[in-house]
Amino acid sequence: MNEELFEPKILAFICNWCAYGAADLAGVSRLQHPPNVRAIRVMCSATVSPHHILKAFQNGADGILVGG
Amino acid sequence: MTVLARENILVGGIVARIESELCSGCLGCINVCPYAAITFNAEKHTAEVNPALCKGCGACAAACPSEAPILLGFSNRQIYAQIKSALAA
């Protein structure tokens, strides 16, 4: 039986000042992470509305992270 | 010149703008704005953003049931496009 490892698609809404800045610092520090997480920069986590979350699920996201 | 000595200062351009035709006057955006940057214009029956006070957080855009406020540079249409292409691969 051919078993394929499930690779989830995770969408991260990260806020410009806090979470995106932290991710940027992690990148500059050359910390590594698997490619499952895809980042979308928003100005503040207040920018994220339920419409965005539902749209993400509709487009195939397996999990959503909102960082702020 | 130091900040307080200037006649005017430059603030960021990422601000919200409200489409008057879509605004229903529910005052939802005014209630959520953390910077008190939005006021209600009773004559025009629409909410108005003061771009000098607005810090571009987007809370008004998320709270409005009519999607009347547009966060310049981070509009809902732009975010939907990013969501679609981020998950396409």
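First the proteins, then the strands, lettered A, B, ... as listed; each starts at 1.
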Proximal component of A86(B), with respect to chain A [non-hydrogen, under 4.5 Å]: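 Contact with chain A involves both backbone and side-chain atoms of A86(B).
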When the 4.5 angstrom heavy-atom criterion is applied to L87(B) and chain A, the contacting part is both
Mind checking whether [X] and [Y] sit in one hydrophobic cluster, side chains of I, L, V, M, F, W, Y counted as touching below 4.5 Å?
| X | Y | result |
| --- | --- | --- |
| V66(A) | V42(A) | yes |
| V49(B) | F40(B) | yes |
| L27(B) | I18(B) | yes |

Pairwise distance [atom1]([X]) to [atom2]([Y]) - rounded to 0.5 angstrom:
| X | Y | atom1 | atom2 | value |
| --- | --- | --- | --- | --- |
| I83(B) | L11(A) | CD1 | CG | 6.0 Å |
| I40(A) | F74(B) | CD1 | CZ | 11.5 Å |
| K55(B) | C44(A) | NZ | SG | 13.0 Å |

message = Looking at R6(B), I want to see if its CZ is surrounded by more than 12 non-hydrogen atoms of other residues, nucleotides or ligands under 6.0 Å.
response = yes
Q) Of the non-hydrogen atoms in A62(B) and A46(A), which two are nearest, and what is the gap between them? A)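 Nearest pair, atom of A62(B) first, then A46(A): CB-O, 3.2 Å.
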Ring centroid separation Y80(B) to H51(A) under 6.0 Å |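 They do not qualify: ring centres at least 6.0 Å apart.
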Review point. Below 4.5 Å, heavy atoms only, C-beta onward: do N76(B) and H52(A) meet side chain to side chain?
Key: yes
Less than 4.5 Å apart, any side-chain heavy atom of T47(A) and any of I79(B)?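 SC-SC contact between T47(A) and I79(B) confirmed.
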